[in-house]
Engineer: 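Structure incoming, see below.
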Amino acid sequence: RKTPIILMTPPPLNREAWAKFKGIDNRSNERHLAYGAVVKQVAQKYECSVLDVWKLLEGDSSPGVYGKYLTDGLHLNEMGNRKLYDGLMELIRKDFPDLAPQQDGSQQGIPLEGKLWEELC
């Protein structure tokens with residue numbers, strides 16, 4: 001069995017918020033998009049799954065839309081991390097169902113409840 005590998009593209013950038021936070025304007029969405037394109041090429045070449053964080057966080061919209069997922073213009077806040085988690089779990093259920101948490105009596109996946117630590121030792 002192949003080891004599952006999941007690559008992620010960079011998130012969108014709220015350039016104005018990042019420059020204000022950092023005091024320097026040293027990043028761009030163009031660079032994030034270019035990097036994301038390379039991530040997708042690598043994923044295709046090596047047959048890896050890819051989570052398109054740019055798309056997931058609505059990077060093609062305005063900073064007012066995707067900015068709600070960012071703390072400082074670049075790093076994810078709680079809402080952004082929840083959205084990332086949901087996207088990652090969806091990808092795992094689709095591409096690696098045997099590694100997803102079991103749902104409602106299904107025998108496929110990882111049980112949500114296991115033995116207590118003291119039962120394992």
Side-chain angles (χ1 to χ4, degrees):
R1 172 177 160 180
K2 288 174 62 175
T3 301
I5 296 174
I6 300 171
L7 302 179
M8 292 188 227
T9 65
L13 171 73
N14 183 333
R15 191 172 184 169
E16 185 177 310
W18 176 250
K20 183 178 178 183
F21 174 76
K22 258 328 231 187
I24 185 170
D25 185 11
N26 64 346
R27 294 190 179 255
S28 72
N29 272 322
E30 292 77 17
R31 186 174 293 163
H32 282 221
L33 279 170
Y35 189 97
V38 173
V39 168
K40 291 175 185 178
Q41 289 172 357
V42 170
Q44 184 174 13
K45 179 177 180 178
Y46 293 102
E47 299 178 354
C48 301
S49 295
V50 63
L51 181 62
D52 191 344
V53 179
W54 175 276
K55 184 176 179 182
L56 189 69
L57 300 182
E58 305 172 69
D60 288 329
S61 62
S62 69
V65 174
Y66 59 74
K68 67 185 174 193
Y69 301 115
L70 308 171
T71 60
D72 54 12
L74 174 63
H75 300 99
L76 304 184
N77 61 20
E78 182 179 350
M79 190 177 353
N81 278 301
R82 287 181 188 278
K83 187 105 171 158
L84 179 80
Y85 171 81
D86 291 341
L88 182 59
M89 291 308 297
E90 183 179 323
L91 185 142
I92 290 170
R93 281 191 288 275
K94 180 177 69 83
D95 292 359
F96 309 105
D98 57 321
L99 297 177
Q102 286 180 350
Q103 294 181 328
D104 298 330
S106 170
Q107 295 302 311
Q108 185 176 32
I110 307 286
L112 291 176
E113 295 180 17
K115 293 183 178 185
L116 296 175
W117 179 255
E118 58 206 26
E119 295 173 318
L120 295 173
C121 296

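The figures that follow rest on heavy atoms only: side chains count, while hydrogens, waters and symmetry mates do not.
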Engineer: Between Ala17 and Gly73, which heavy-atom pair has the shortest distance, and what is it?
Structural biologist: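 Ala17 and Gly73 have their closest heavy atoms at CB-CA, 3.9 Å.
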Engineer: Where the side chain of Asn77 meets the backbone of Lys68, is there a donor-acceptor pair that is under 3.5 Å apart?
Structural biologist: yes
Engineer: Can you find a heavy atom in the side chain of Leu74 that is under 4.5 Å from one in the side chain of His32?
Structural biologist: yes
Engineer: Assess whether side-chain contact (heavy atoms from CB on, under 4.5 Å) is satisfied between Ile6 and Ile92, documenting all intermediate values.
Structural biologist: CA-CA 9 Å; Ile6 300 171; Ile92 290 170; 3.9 Å; yes
Engineer: Identify whether Leu56 and Val65 are in the same connected component of the hydrophobic contact network (ILVMFWY, side-chain heavy atoms under 4.5 Å).
Structural biologist: no
Engineer: Just how far is it from atom CZ of Arg93 to atom CD of Glu90, taken to the nearest 0.5 Å?
Structural biologist: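 Between atom CZ of Arg93 and atom CD of Glu90 there are 7.0 Å.
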Engineer: Check whether Ile5 and Met8 end up in the same hydrophobic cluster, where Ile, Leu, Val, Met, Phe, Trp and Tyr are linked by side-chain heavy atoms less than 4.5 Å apart.
Structural biologist: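 No: no chain of side-chain contacts under 4.5 Å links Ile5 to Met8.
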Engineer: Could you report the tightest heavy-atom contact between Ser49 and Asp95, atom names first, then the distance?
Structural biologist: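 Minimum heavy-atom separation between Ser49 and Asp95: OG-OD2, 2.6 Å.
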Engineer: If you round to the nearest 0.5 Å, how far is CG of Leu7 from OH of Tyr46?
Structural biologist: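 Here the rounded value is 11.0 Å.
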Engineer: Can you find a pair of side-chain heavy atoms, one from Pro10 and one from Arg31, that are under 4.5 Å apart?
Structural biologist: no
Engineer: I need the minimum non-hydrogen distance between Gly109 and Gln102, along with the two atoms involved.
Structural biologist: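 Between these two residues, the closest heavy atoms are O-NE2, 3.4 Å.
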Engineer: Looking only at heavy atoms, what is the nearest atom pair of Leu99 and Pro4, with distance?
Structural biologist: CD1-CG, 3.4 Å
Engineer: For the atom pair CG (Leu70) and NE2 (His75), what is the distance rounded to the nearest 0.5 Å?
Structural biologist: 10.0 Å
Engineer: According to a 4.5 Å side-chain heavy-atom criterion applied to Ile, Leu, Val, Met, Phe, Trp and Tyr, with indirect links allowed, do Tyr69 and Leu88 form part of one hydrophobic cluster?
Structural biologist: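 Hydrophobic grouping puts Tyr69 with Leu88.
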Engineer: Kindly work out whether a path of hydrophobic side-chain contacts (I/L/V/M/F/W/Y, heavy atoms less than 4.5 Å apart) joins Tyr35 to Val50.
Structural biologist: yes
Engineer: Would you say Arg15's side chain and Arg27's backbone share a donor-acceptor pair under 3.5 angstrom?
Structural biologist: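 Pair found, side chain donor or acceptor close to backbone of Arg27.
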Engineer: For residues Thr9 and Asp52, report the shortest heavy-atom separation together with the two atoms involved.
Structural biologist: OG1-OD1, 3.2 Å
Engineer: Under 3.5 Å, is there a donor on one side chain and an acceptor on the other for Trp18 and Asp25?
Structural biologist: no
Engineer: When you group the ILVMFWY residues by side-chain heavy-atom contacts below 4.5 Å and let the links chain together, are Leu76 and Leu33 in the same group?
Structural biologist: no
Engineer: Taking all non-hydrogen atoms of both residues into account, name the closest pair between Leu13 and Tyr66 and its distance.
Structural biologist: O-OH, 3.1 Å
Engineer: Decide, yes or no, whether a salt bridge links Glu78 with Arg82 under the criterion of side-chain N to carboxylate O below 4.0 Å.
Structural biologist: yes
